[in-house]
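As structure tokens, the structure follows; a few thoughts come after it.
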Amino acid sequence: MTKKGLLIVVSGPSGVGKGTVLKKLRADNPGIVPSISATTRTPRKEDKEGVTYFFKTKDDFERMIENGEFMEWAVYNGNYYGTPIRYVNDNISKGRDVLLEIDVQGALKLMEKYPNAVYIFIAPESTDVLRERLRRRGSETPEEIEKRVAASEWELSQKEKYDYVVINKIVKDAADEILNIINNAKGEIDHDD
Ligand code: 5GP
């Protein structure tokens, strides 16, 4: 029987640099499979259907909820986001480690259902650094940026519920730290078997 893969769940406020850290992690570890979420938000210019997200209408997304197609889903900033369960389960059962980059509400839901997953929160050095990153990214309006900064306060208040908190100061260091966490978690799971 194939050993099951590890479910890795990463959250962090918008603008914390999750994307960059996880890109580095994946570049160094091509064996980690990123899950592709479905969302109803409008695509940004760097988005690609089926690569960054599966873009859905509200009706389609709600149908998927009814059909039980999501491992978890949440409403973030007025849009639906969800993790299609099939792709994750297929990969895990084939022994591949799967990485979910999801918001805090979604991660909290999974903590009850999947206690064997490893939960990692990526935190900013400060709220000012977060706001500055969002400004530089230039993909949100000033109002949208303030909404995301406001949301980050609640998100940060939940970080102790995660197994690990990684502060993103230097991308390479944060990616290395996450890799260590994953390797340790795998060692523990192997040991438990
Ligand atoms: P963005 O609009 O910037 O791509 O994502 C907004 C937030 O939604 C981020 O915190 C991102 O991690 C989260 N997110 C992306 N996919 C999912 C998902 O499938 N489920 C949940 N709960 N959150 C998601």
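Numbering of ligands and ligand atoms starts at 1, following listing order. Counting from 1, the numbers follow the sequence of the chain as shown.
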Salt bridge or not for Arg63 and Glu66, using N-O below 4.0 Å?
no
Within the protein, residues bringing a heavy atom under 4.0 Å of ligand 1, chain by chain:
Lys18, Ser37, Arg41, Arg44, Tyr53, Glu72, Ala74, Tyr76, Tyr81, Gly82, Thr83, Glu101, Ile102, Asp103, Gly106, Arg148
Residues forming a side-chain contact (heavy atoms from CB on, under 4.5 Å) with Lys94, sequence neighbours excluded
Arg96
Applying side-chain contact (heavy atoms from CB on, under 4.5 Å) to Asn183 and not counting sequence neighbours gives Leu179
Is it the case that more than 12 heavy atoms not belonging to Lys58 sit under 6.0 Å from its NZ atom?
no
Kindly assign one of parallel, tilted or perpendicular to the pair Tyr80 and Phe61, based on the angle between their ring planes and the thresholds 30° and 60°.
parallel
Please report, to 0.1 Å, the donor-acceptor pairs under 3.5 Å made by any side chain of residues 145-152, with sequence neighbours excluded.
| from | atom 1 | to | atom 2 | distance (Å) |
| --- | --- | --- | --- | --- |
| Glu146 | OE1 | Arg131 | NH2 | 3.4 |
| Glu146 | OE2 | Arg131 | NE | 3.0 |
| Arg148 | NE | Glu144 | OE2 | 3.4 |
| Arg148 | NH1 | Ser14 | OG | 2.8 |
| Ser152 | OG | Val149 | O | 2.6 |

